[in-house]
Structures are given as C-alpha cells and as structure tokens.
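For reference, the structure is listed below as structure tokens.
First the proteins, then the strands, lettered A, B, ... as listed; each starts at 1.
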Number of protein chains: 2
Amino acid sequence: MDKKSKSLSKNQKIVLDFIQKNKKPVKAYSILSNVQKKGINAPPQVYRALDKLIKIGKIHRVESQNSFVACKISNCGTPHKTVFSICNSCEIVSEINDPKLFKNLKDFRDKDGTVFDGYNLEFFGTCKSCKNKQIENTKH
Amino acid sequence: MDKKSKSLSKNQKIVLDFIQKNKKPVKAYSILSNVQKKGINAPPQVYRALDKLIKIGKIHRVESQNSFVACKISNCGTPHKTVFSICNSCEIVSEINDPKLFKNLKDFRDKDGTVFDGYNLEFFGTCKSCKNKQIENTKH
DNA sequence: TAAAAATTTGTTATATTATAACACTATACT
DNA sequence: AGTATAGTGTTATAATATAACAAATTTTTA
C-alpha cells in the first residue's frame with residue numbers, strides 16, 4: 001500500500017508503541033524506564049528510535065517540554081511542520097489540524113523571500129477542562 | 001517614562017548585557033563561562049537571571065536550541081509571543097516582525113474556541129548567506 | 001547468492017542542560 | 001522601623017542527550 005513505509009525495527013516499534021499508548025507527551029527517560037522490560041537498556045537506544053520516528057513523521061518533539069508525542073494527523077509523514085496547543089496547567093498537548101493556518105505557515109516568506117523547509121508552532125493557554133476546574137475552585 | 005521598567009539587578013544586567021552583545025543565541029553555560037570574571041559563579045545565578053529576563057520580555061528562549069537571544073522588537077515586553085527563523089546550517093536566528101503573521105497568530109482559536117495566552121513559532125530553513133555558500137561549493 | 005553497503009543494536013562513559021535546597025542580603029513598601 | 005518581596009551565593013544533584021566503539025542485522029546490488 002504505502003510505498004514509503006519500510007517496516008520499523010524492533011526498538012523503533014517498542015518506542016513508538018509506548019508513545020502511541022499515551023495521551024500526553026512522554027519524556028525520553030520515562031520511555032526508557034517503561035520499556036526496560038522489553039529489553040531496551042540504555043538512553044542511546046531510546047534516542048536513536050526517537051530520532052528515526054521523528055524523521056519519518058510518526059512522532060513529533062514538543063520543544064518546550066523536551067517530550068515526544070505521536071503524530072495525530074493520519075500518516076502526515078512530515079516532520080518539522082507541526083502545530084500544537086499546550087495547556088499551561090495540565091500540560092496536555094493537542095496537535096492542531098487547521099488547513100487555513102497551515103496555508104499561512106506554508107506560504108510565509110521572510111523579508112529576504114526565504115522559503116522555509118519547516119516550522120514548529122506551539123500555542124500556550126489553559127485548556128477547557130482546566131479552566132472549568134479553576135472556576136470551580138473560585139466559588140466556595 | 002516607562003512605568004513598568006524596574007531597574008534590573010546586578011546579575012540580570014550582566015547576563016542581559018552579554019546576550020545583547022551576541023548576534024547569535026547563546027547557551028546558558030556559555031553565558032556562565034563568559035561572565036565568571038564578573039562574579040557570577042554558578043548555574044543557578046545564570047538561570048535565575050534568564051528566567052527574569054524572559055519574564056519581562058528582554059530576551060527569548062529559542063526552544064529548539066536551548067539557547068537565549070535578546071529581543072529585537074523594540075521593548076516588545078511580551079514574553080511567549082515569538083516568531084523566529086532559524087538557519088539549519090549556521091544556526092543563526094532572526095526574530096521575525098511581521099504584523100500580518102502576528103495578527104493571524106493572535107486571532108487563532110482552536111476547535112473549542114480556546115484563546116491562547118502566547119505562542120512560539122520557529123521557522124527552519126537555509127539563510128541566504130548559507131545558500132550562497134552551498135552554490136559556491138557546487139561549482140568547482 | 002555472495003559480497004558490499006547501510007542500518008540497527010548493545011554497551012559504557014560522559015557531556016550538556018537545568019533545578020532543589022538552604023542560609024543570607026538587599027530593596028521596596030506602608 | 002518592620003515586614004514583605006526579590007535577589008544572591010553556594011553545594012549538590014537531577015534531567016536530558018550524545019560520543020564512541022564493537023557487533024549483529026537487514027538491504028542493496030553486482
């Protein structure tokens with residue numbers, strides 16, 4: 001079907017599997033401690049798998065958190081073109097899929113007319129659920 | 001004049017001064033080793049100054065590089081509303097000041113209608129000077 | 001299909017980035 | 001003057017990431 005998808009190696013599968021099971025982004029050393037029972041012993045094994053998974057677009061790095069999250073955009077396959085919203089309170093991260101915004105970013109040129117290969121955009125705010133909790137805590 | 005500007009402390013001035021002298025973003029430990037002669041001895045002193053300078057918008061953190069750069073937008077005073085272009089080759093970083101893009105980002109709402117407090121956008125590409133060098137190296 | 005090339009693995013050690021905790025000092029506020 | 005707030009200096013350590021090397025595996029291609 002998908003010509004691009006060379007099958008992943010053992011460690012890459014293990015790491016991807018763990019990341020995909022998590023709703024929130026996960027940290028490298030959290031991945032490590034959670035997959036040690038599967039035979040991954042040391043940081044380089046995790047970081048190598050992460051590098052590869054990022055390169056093929058299966059996961060993204062959340063720069064402001066040093067954490068990693070599965071790509072939610074069906075087989076986007078594009079690393080380094082990412083938009084996230086991040087809750088300052090619970091730190092949950094959602095990948096944003098907004099065609100109009102994508103177009104704005106894709107079409108952006110700087111003053112020199114430079115065309116960019118990629119971008120990373122992180123929005124910060126308070127998610128709905130956390131906002132509701134804050135309101136709850138106010139009335140007492 | 002500017003009611004907001006409480007004067008900076010000694011360490012904050014030293015750190016800001018060093019960052020402003022550099023065209024490229026600087027790393028925390030590079031700051032440290034460069035200001036030791038001025039009496040800053042340990043990482044926490046640097047990181048505290050960085051935190052404060054970020055909070056008041058004098059500098060910004062370049063998330064993908066773990067580095068710090070002076071704000072180029074005259075007294076923008078707004079932390080966490082940043083747009084950078086980053087050269088993949090020489091790693092030079094320019095702060096982008098594009099009103100139309102700012103408006104797009106400011107006005108952006110996610111599906112839930114969440115309003116965001118801030119954002120960080122990093123564009124990646126090859127700067128003009130590096131592109132020219134690459135062309136130079138091709139013809140031989 | 002055998003040899004060469006490229007990728008992945010496992011491992012140890014170490015580099016880099018960042019914060020916790022504590023006692024103390026300076027500055028601003030009323 | 002007294003208290004609150006912010007900043008300092010210090011030691012120790014936590015958290016994140018990579019270098020380097022030998023071996024095994026998979027992919028390519030001749």
Side-chain angles (χ1 to χ4, degrees), chain A residues 2-19 22 24-69 79 91 93 120 122, chain B residues 2-19 22 24-69 79 91 93 120 122:
Chain A
D2 186 349
K3 282 275 179 81
K4 269 191 195 164
S5 70
K6 302 234 182 68
S7 70
L8 298 172
S9 77
K10 178 182 142 252
N11 287 357
Q12 290 159 8
K13 269 181 212 150
I14 292 170
V15 170
L16 177 58
D17 193 58
F18 179 73
I19 295 174
N22 281 272
K24 284 197 190 182
V26 286
K27 304 256 182 176
Y29 279 72
S30 156
I31 296 171
L32 177 57
S33 64
N34 278 282
V35 298
Q36 282 189 321
K37 53 199 154 201
K38 306 219 170 182
I40 290 182
N41 310 306
Q45 298 177 295
V46 172
Y47 280 102
R48 284 178 196 142
L50 291 172
D51 286 348
K52 183 60 185 288
L53 294 169
I54 289 170
K55 198 182 287 179
I56 63 176
K58 290 285 186 190
I59 65 171
H60 303 301
R61 192 187 149 86
V62 183
E63 297 290 355
S64 63
Q65 293 189 341
N66 300 329
S67 65
F68 304 89
V69 70
E91 303 206 313
V93 169
N120 178 58
E122 300 180 4
Chain B
D2 186 350
K3 284 274 180 81
K4 268 190 194 165
S5 69
K6 301 230 183 71
S7 69
L8 297 173
S9 77
K10 178 183 141 251
N11 288 356
Q12 289 158 10
K13 270 181 212 151
I14 293 171
V15 169
L16 176 58
D17 193 57
F18 178 74
I19 295 174
N22 282 273
K24 283 196 191 183
V26 287
K27 303 256 182 176
Y29 278 73
S30 156
I31 297 170
L32 177 56
S33 64
N34 279 281
V35 298
Q36 282 188 320
K37 53 198 155 202
K38 307 220 168 181
I40 292 183
N41 309 305
Q45 296 175 296
V46 173
Y47 280 103
R48 284 176 195 143
L50 291 173
D51 286 349
K52 183 60 187 288
L53 294 169
I54 289 170
K55 198 182 288 181
I56 65 177
K58 291 284 185 191
I59 65 169
H60 303 299
R61 194 188 145 84
V62 183
E63 297 291 354
S64 62
Q65 293 188 342
N66 300 328
S67 66
F68 304 88
V69 70
E91 303 205 313
V93 169
N120 177 58
E122 299 180 4

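Of the candidate nucleotides dA17(D), dT9(C), dT8(D), dT8(D) has the atom lying nearest to any side-chain atom of Q45(B). Closest to the side chain of K52(B), from the set dT17(C), dG7(D), dT10(D), is dG7(D). Relative to the side chain of P43(B), the nucleotides dA17(D), dG10(C), dA18(C) differ in distance, and dA18(C) lies closest. For Q12(B), the listed nucleotide lying nearest its side chain is dG7(D); candidates were dT10(D), dT8(C), dG7(D). Of the candidates dC22(C), dT17(C), dT18(D), the closest approach to any side-chain atom of Y47(B) belongs to dT17(C). Residue A42(B) places its side chain closer to dT10(D) than to any other of dT11(C), dT10(D), dA17(D).
Contact between the side-chain N/O atoms of N66(B) and the OP1/OP2 oxygens of dT16(C) is not found at any separation under 4.0 Å. Using a 4.0 Å cut-off, no side-chain N or O of R48(B) falls inside it from OP1 or OP2 of dA21(C). OP1 or OP2 of dG10(C) lies within a sub-4.0 Å distance of a side-chain N or O belonging to K10(A). In this structure, S9(A) does not reach the dT26(D) phosphate: none of its side-chain N or O atoms is under 4.0 Å from OP1 or OP2. The shortest distance between the side-chain N/O atoms of N11(A) and the OP1/OP2 oxygens of dT9(C) is below 4.0 Å.
The NZ-P distance, from K13(A) to dT25(D), rounds to 15 Å in whole Å. The distance between atom CD1 of I40(A) and atom P of dT9(C), rounded to the nearest whole Å, is 8 Å. Between the CD atom of Q36(B) and the P atom of dT8(D) there is a distance of 16 Å, given to the nearest Å. Here the C1' atom of nucleotide dA17(D) and the CD atom of E63(B) are 16 Å apart, to the nearest Å. Rounded to whole Å, atom P of dA14(D) lies 16 Å from atom CG of L32(A). For L8(B) and dT8(D), the CG to C1' distance is 15 Å, given to the nearest whole Å. Protein atom NZ of K27(B) is 16 Å distant from nucleotide atom P of dA15(C), rounded to whole Å. Distance K55(A) NZ to dT7(C) P: 8 Å, rounded to the nearest Å.
In this structure, the side chains of F68(B) and I54(B) come closer than 4.5 Å at one or more pairs of heavy atoms.
By the 5.5 Å and 30° criteria, Y29(B) is not stacked with the base of dT16(C).
If you find the closest nucleotide of DNA chain D to N41(B) and to F68(A), the one lying nearer the 5' end belongs to N41(B).
Checked against I59(A) for a side chain to side chain contact (heavy atoms under 4.5 Å, CB included), the options L16(A), V26(A), V15(A) give a single hit: L16(A).
Annotation: the span from E91(B) atom CD to S67(B) atom OG amounts to 8.0 Å, rounded to 0.5 Å.
Side-chain N/O atoms of N120(B) and R61(B) include no donor and acceptor closer than 3.5 Å. Side chains of E63(B) and S64(A): a donor-acceptor N/O pair is absent below 3.5 angstrom, by distance only.
Taking each heavy atom of N41(B) and Q36(B) in turn, the nearest pair found is O-NE2, 3.6 Å.
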